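Just so you know, ligand 1 is whichever comes first in the structure, and atom 1 is the first atom listed for that ligand. The model shown is predicted, which means the values in this text are computed figures rather than measured ones. Below, all heavy atoms of this structure are taken into account, side chains as well, without hydrogens, waters or symmetry copies.
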Amino acid sequence: MDHPSCLHVGQRPPAPDFYRPPPSPVVDLRATATPENHWEQQPPPPPPYTPLPTLPLPPPPPPRPPRPPPLPVRVNVDPGIGALRIEDPLRPVSRGEDRSPQSPYFPPPPPPPPPPLSHRLRVQTSLPNLSQYGLKSPSLSPRPTTPTPVSAAATFGPGVTPGPNSGAESKPFWQNALSEARYFAGGLIPPPTESTKHYTILRHSSPLIFYRGPSTSVEISIFSAPDYPLPPDRSIWLQQRGFSGDSGMKIKAFFGSTDDWFNVTPSVAVQPDEVERDTERGWKRDMDKAARKMLKDKGPKKAHIPRETHVVRIPEASDDGYFRLHLCAGGPPDGQADETSSSSKRKILCSSPIFRIASTSTDSSKFRGATLSTLPLEAAAFVGSKVILSRVDPIIAPIQAGYDRVAPGMVKTLAYEIATDKINENAALRQEKNSYISSSRSSSSSSSSCHDIGPDSGPLPPFPLKFTGLVNRGTGRSTAELGVPTANLLRTSPESARFALRGVYAGWACILPPKTASSSPDCPPPPSPVWHEALISAGPLPSSRPQAAPEPQVAVHLLHEFPRGFLGREIKVIAMGYLRPCLGFNAQIEDKLVAFSQDVHMVLSCLSGPGRRENWGPENAAVLLKQKKSERGMGERFLDVKQKVASKVPSVPLHKVGIRGFDPEAKDRMHGRGGYWVRR
Ligand SMILES: Cc1cc2nc3c(=O)[nH]c(=O)nc-3n(C[C@H](O)[C@H](O)[C@H](O)COP(=O)(O)O)c2cc1C
Ligand SMILES: Nc1ncnc2c1ncn2[C@@H]1O[C@H](COP(=O)(O)OP(=O)(O)O)[C@@H](O)[C@H]1O
């Protein structure tokens with residue numbers, strides 16, 4: 001179909017370098033580069049390899065650094081209340097404490113024990129700049145889990161190892177902003193253990209858990225007194241605080257429930273050695289620390305010993321908000337219709353520390369269950385979502401409106417200022433990075449980030465670039481690590497495409513019908529291929545060793561949920577604009593996830609968003625390609641995707657970027673309770 005004579009990539013002089021992003025001294029995405037990072041055009045001087053967050057245990061702590069100033073937080077509230085500050089929040093007993101030698105963020109918990117949450121606020125008059133307190137960026141702690149498809153949620157909080165590249169100055173803005181959000185959240189949280197006389201629940205996850213679709217989960221370990229092993233009928237129930245309204249109805253409908261508690265007890269038991277090693281190690285360390293802390297405490301909990309660890313899946317229908325888990329005994333057996341309605345028969349043995357689920361699609365429910373003491377958590381959630389959503393104007397507007405409605409001038413003031421400063425800074429960086437595009441575009445620059453890849457009037461030369469390729473089997477790493485399957489093209493037509501492109505691009509892709517299907521005269525013509533928004537990464541095979549002439553490959557992620565794979569099929573790809581250079585092969589998984597989230601937002605808003613679809617859609621790309629007279633028969637292969645795009649919106653895997661999709665109940669039915677547990 002594509003003859004070399006209609007090469008769009010190879011045809012256009014100047015040769016390949018033209019397509020490549022110019023080396024940019026300002027693009028900080030390279031902060032995580034490693035010596036193996038040969039994706040980039042000009043690899044930075046190799047920084048030391050970033051070890052996995054939980055490996056190895058840190059050396060014995062040197063004398064603790066002086067305590068940093070407390071985190072002041074200005075939150076504009078009702079005039080009657082005034083501005084508030086969270087004073088010296090209690091740090092959790094978690095992985096974070098191990099890092100105190102490396103990080104001043106986790107000072108020893110202040111004796112004596114903290115006052116109740118409601119007393120931790122006092123008046124503060126100035127707006128903090130978190131960076132001024134030397135807050136660096138603790139790396140996000142990826143905790144992938146192997147035994148079940150339900151992996152740990154992307155959590156943001158303390159208890160993570162700052163990598164060698166985690167200095168605030170060397171991180172791109174959004175990493176700093178998210179880190180600050182995490183720190184913010186971590187600073188507020190109550191202790192991650194809650195105890196009763198005979199039981200203790202330790203929460204491993206951060207208090208702020210970003211929604212990640214069906215994999216959203218929280219990790220806890222249960223301890224109990226030696227004479228009180230967990231009863232065989234123990235069960236774990238989820239309770240949402242301030243739970244009401246629509247989402248309340250939805251979740252109740254799903255669980256057939258009449259009360260506000262939902263059985264989320266994981267049914268799958270796994271052995272400790274089945275759990276991903278680093279995850280298990282992190283849990284162990286948390287448990288050891290919790291046990292040590294309990295030993296120091298007075299009262300019966302000093303004798304509590306670990307019994308079980310649970311990875312509890314949070315049902316999609318539960319929406320955003322504040323949650324806690326309850327360990328219960330008794331009640332009707334699992335699966336019985338009245339199980340949720342007879343809470344009176346259940347005995348609560350212990351409740352978990354509270355946690356917050358936050359998605360990037362927010363509304364007033366976000367504040368449901370929030371108390372004054374948890375407002376900084378709201379601010380953190382807001383920063384997180386704001387940072388991620390900053391690229392999606394159509395989405396951000398209603399969110400902003402939602403905030404204005406429910407929290408006029410409250411959390412917003414603080415979070416917005418932090419977020420927008422950083423975002424503006426990023427816009428500048430991105431603009432500079434893409435100078436090859438900005439230089440050729442009209443002088444009327446807009447603040448819209450979509451203009452970073454090109455103006456509303458359509459892609460700028462050399463885009464669009466079209467190529468096809470056969471889908472080969474990949475390493476599976478992309479799916480395993482990020483949950484992002486990619487169609488790997490070891491060969492492309494024109495061949496020059498995979499050599500010319502370098503970095504991550506926004507574009508369109510479609511799966512072509514099998515050749516055999518169209519060759520038979522008896523068969524009806526195959527349906528026209530459907531274009532999907534796509535992210536295209538191109539560069540040397542990341543797993544190959546650095547070499548003088550590395551073999552490049554193209555990997556394409558189509559923004560569509562396919563019922564089955566399409567290995568061996570031919571796909572057609574149109575690159576519409578350059579997004580970013582590739583992160584280093586060994587970049588932190590969370591960094592890759594955040595970058596990927598931004599890519600998804602960019603491609604959705606810049607190619608299909610309001611005011612863009614017409615000129616950035618595949619139809620116009622076809623026209624442009626035709627105009628270049630470098631395309632034969634392309635036009636007839638294009639179908640009117642307008643309707644399809646509109647109707648496929650729900651199938652875009654938005655949960656990957658923390659946006660709640662449609663029909664959560666159906667997803668819950670599909671995934672069931674999920675989760676798993678480990679006996680100790
Ligand atoms: C949208 C997108 C972004 C990517 N970004 C990076 C990146 O920043 N750094 C990198 O080393 N690889 C990146 N890749 C390539 C993947 O990490 C991976 O090498 C490729 O998808 C092949 O997957 P496989 O090894 O699982 O077969 C990206 C791929 C896609 C589709
Ligand atoms: N949205 C999608 N985008 C790209 N490939 C997909 C998508 N959905 C399913 N696939 C299939 O998944 C395959 C890649 O899966 P896998 O081998 O696990 O990925 P990877 O090697 O990229 O980690 C692709 O070859 C394709 O057949």
Side-chain angles (χ1 to χ4, degrees), residues 21 27-41 43 50 144 149 172 175 213 453 469-490 498 501-512 514 530-544 546 550-573 575-604 606-607 648 651-657:
V27 180
D28 226 355
L29 289 169
R30 298 169 183 212
T32 48
T34 73
E36 286 166 68
N37 176 13
H38 43 281
W39 280 78
E40 299 161 85
Q41 279 199 294
T50 306
Q175 280 170 313
I453 78 161
L470 274 187
V471 179
N472 290 282
R473 188 173 294 286
T475 64
R477 180 171 159 153
S478 200
T479 304
E481 273 188 353
L482 309 176
V484 179
T486 55
N488 300 305
L489 314 178
L490 290 180
R498 70 194 173 100
L501 299 171
R502 179 73 57 98
V504 179
Y505 297 80
W508 296 95
C510 65
I511 305 167
L512 297 176
V530 178
W531 290 99
H532 302 287
E533 289 93 344
L535 287 164
I536 304 142
S537 104
L541 275 172
S543 45
S544 65
E551 185 70 11
Q553 81 157 356
V554 171
V556 184
H557 176 71
L558 291 84
L559 270 67
H560 185 80
E561 300 274 20
F562 292 94
R564 46 187 174 273
F566 40 89
L567 266 178
R569 295 285 289 274
E570 192 178 19
I571 63 170
K572 184 185 283 191
V573 183
M576 300 292 284
Y578 172 73
L579 290 177
R580 64 172 172 91
C582 280
L583 299 181
F585 176 57
N586 283 324
Q588 297 271 340
I589 290 176
E590 292 288 358
D591 290 345
K592 287 186 185 174
L593 264 178
V594 174
F596 177 73
S597 300
Q598 294 223 340
D599 296 339
V600 173
H601 282 304
M602 280 295 274
V603 84
L604 286 177
C606 302
L607 268 52
K648 84 173 173 47
S651 67
V652 172
L654 291 175
H655 69 264
K656 285 180 187 161
V657 290

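- Residue R564 has no N or O atom closer than 3.5 Å to an N or O atom of ligand 2.
- A heavy-atom separation below 4.0 Å is found between V556 and ligand 2.
- When all heavy atoms of Y578 and I453 are compared, the closest pair comes out as O-CG2, 3.4 Å.
- At least one N or O atom of R477 sits closer than 3.5 Å to an N or O atom of ligand 1.
- Looking only at side-chain heavy atoms (C-beta outward), R569 and P514 come within less than 4.5 Å of each other.
- Closest approach of V603 and G507 over heavy atoms only: CG2-N, 3.9 Å.
- Comparing heavy-atom distances from atom 30 (C) of ligand 1 across A538, G539, S537 singles out S537 as nearest.
- Nearest to atom 22 (O) of ligand 2 by heavy-atom distance, out of T486, I571, N488, is T486.
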Verify side-chain contact (heavy atoms from CB on, under 4.5 Å) between E570 and L470, making sure each step is shown before the conclusion.
-> CA-CA 4 Å; E570 192 178 19; L470 274 187; 4.1 Å; yes

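- Rounding to the nearest 0.5 Å gives a distance of 11.0 Å between CE of M576 and CD of E533.
- Contacts between L583 and ligand 1 below 4.0 angstrom, taking non-hydrogen atoms only, involve backbone and side chain alike.
- Within ligand 2, the atoms closer than 4.0 Å to a non-hydrogen atom of G565 are 11 (C), 27 (O), numbered from 1 in the order shown.
- The part of H560 lying near ligand 2 is the backbone, judged by heavy-atom distances below 4.0 Å.
- Shown here for C582 and S537, the closest heavy-atom pair between the two residues is SG-CB, 4.5 Å.
- Looking at G476 next to ligand 2, an N or O pair under 3.5 Å apart turns up.
- Listed by number with element, the atoms of ligand 2 under 4.0 angstrom from any heavy atom of L567 are 25 (O), 27 (O).
- Among the atoms of F566, some N or O lies under 3.5 angstrom from an N or O of ligand 2.
- When the side chain to side chain donor-acceptor pair (under 3.5 Å) test is applied to T486, the partners found at least two apart in sequence or on another chain are N488.
- Residue-ligand proximity, A555 to ligand 1, at heavy-atom distances under 4.0 Å covers atoms 20 (C), 21 (O), 31 (C).
- Partners of A509 according to the side-chain contact (heavy atoms from CB on, under 4.5 Å) rule, which considers only residues two or more places apart in sequence or in another chain, are A534, V556, L558, V573.
- Residue N472 places no N or O, backbone or side chain, under 3.5 Å from any N or O of ligand 2.
- Heavy atoms of R477 approach ligand 2 to within less than 4.0 angstrom.
- Residue F566 comes nearest to V471 through the heavy atom pair O-CB, 3.6 Å, listed as atom of the first residue, atom of the second, then distance.
- Inter-residue side-chain proximity for Q553 and L489 is flagged as unmet; no heavy-atom pair is nearer than 4.5 Å.
- Here the CD1-CD1 distance, from I571 to I511, works out to 7.5 Å after rounding to the nearest 0.5 Å.
- At a 4.0 Å cut-off, at least one heavy atom of R580 sits close enough to ligand 1 to count as contact.
- For T475, heavy-atom contacts with ligand 1 shorter than 4.0 Å involve the backbone as well as the side chain.
- Minimum heavy-atom separation, D599 to V504: OD2-CG1, 3.8 Å.
- Residue contacts with ligand 1 for I536 are absent, since no atom lies close enough (heavy atoms, distance under 4.0 Å).
- Listed by number with element, the atoms of ligand 1 under 4.0 Å from a non-hydrogen atom of L535 are 1 (C), 31 (C).
- For ligand 2, the atoms sitting less than 4.0 Å from at least one non-hydrogen atom of A487 are 4 (C), 5 (N), numbered in the order shown with element in parentheses.
- Counting atoms of ligand 1 from 1 in the listed order, those under 4.0 Å from a heavy atom of T486 are 20 (C), 21 (O), 22 (C), 23 (O), 31 (C).
- For ligand 1, the atoms closer than 4.0 angstrom to any heavy atom of G474 are 27 (O).
- When each atom of ligand 2 is checked for a heavy atom of T475 under 4.0 Å away, the hits are 21 (O).
- Below 4.0 Å from some heavy atom of Q553 lie the following atoms of ligand 1, by number and element: 22 (C).
- Any N or O atom pair closer than 3.5 Å counts here, and V471 shares no such pair with ligand 2.
- A distance of 13.0 Å separates CG in L535 from OH in Y505, rounded to the nearest 0.5 Å.
- For a threshold of 3.5 Å applied to N or O pairs, the pair formed by H557 and ligand 1 contains no separation below that value.
- Taking NZ from K572 and CH2 from W531, the interatomic distance works out to 5.5 Å, rounded to the nearest 0.5 Å.
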